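Scroll down for the structure; my scribbles are underneath it.
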Amino acid sequence: RISNASNVWHFFKVKIMSQTVVNVQKQSPAEEIRRENLYHTKLQCLAEVLGRQSFVDKNDAERSAEAINAAFDKITF
């Protein structure tokens with residue numbers, strides 16, 4: 001169990017950032033800003049969800065992150 005939501009936040013931030021670095025392609029500045037804003041919005045949602053729990057299990061945190069990501073994928077313009 002991870003007892004501190006900020007530790008979970010850091011874990012996911014590092015994980016997402018490392019995946020982002022691997023997946024970076026040349027993008028327009030506007031697209032980079034859009035993707036960065038989306039990334040921060042997803043992290044804010046995850047922090048909100050995990051912040052409501054006193055103890056966070058890593059597997060539960062990963063499932064929450066996956067669910068949030070999937071929900072954002074369903075939102076269309």
Side-chain angles (χ1 to χ4, degrees):
R1 287 191 167 255
I2 301 171
S3 61
N4 187 332
S6 67
N7 288 339
V8 174
W9 173 268
H10 177 72
F11 168 78
F12 281 105
K13 188 173 182 179
V14 169
K15 185 174 181 177
I16 292 169
M17 287 302 290
S18 64
Q19 290 172 348
T20 301
V21 169
V22 169
N23 296 327
V24 169
Q25 300 171 356
K26 285 199 170 201
Q27 300 171 354
S28 70
E31 177 62 14
E32 286 182 36
I33 290 169
R34 186 197 71 78
R35 290 174 54 90
E36 186 173 325
N37 287 338
L38 181 59
Y39 162 78
H40 286 288
T41 302
K42 288 179 181 183
L43 280 180
Q44 287 173 341
C45 289
L46 182 60
E48 184 71 27
V49 168
L50 298 179
R52 295 179 183 175
Q53 302 172 13
S54 57
F55 291 97
V56 179
D57 178 83
K58 180 181 173 186
N59 292 327
D60 290 338
E62 287 177 346
R63 281 192 292 274
S64 294
E66 289 170 2
I68 289 167
N69 195 49
F72 271 86
D73 289 346
K74 295 288 183 181
I75 300 170
T76 58
F77 241 173

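Everything numeric here is computed off the predicted structure, so don't read it as measured data.
The structure places CG of Asp57 at 11.0 Å from CG of Leu50, a figure rounded to the nearest 0.5 Å. A distance of 9.0 Å separates CG of Leu43 from CD1 of Ile68, quoted to the nearest 0.5 Å. Note that the CD atom of Glu36 and the CD atom of Glu32 stand 8.5 Å from one another [nearest 0.5 Å]. Distance CG/Asp73 to NZ/Lys42: 5.5 Å, rounded to 0.5 Å.
The two residues Leu46 and Ala61 have their closest heavy-atom pair at CD1-O, 4.2 Å. Across all non-hydrogen atoms, the minimal contact from Ser64 to Val49 is OG-CG1, 4.1 Å.
Taking the charged nitrogens against the carboxylate oxygens, Arg34 and Glu31 do have a contact shorter than 4.0 Å, which makes a salt bridge.
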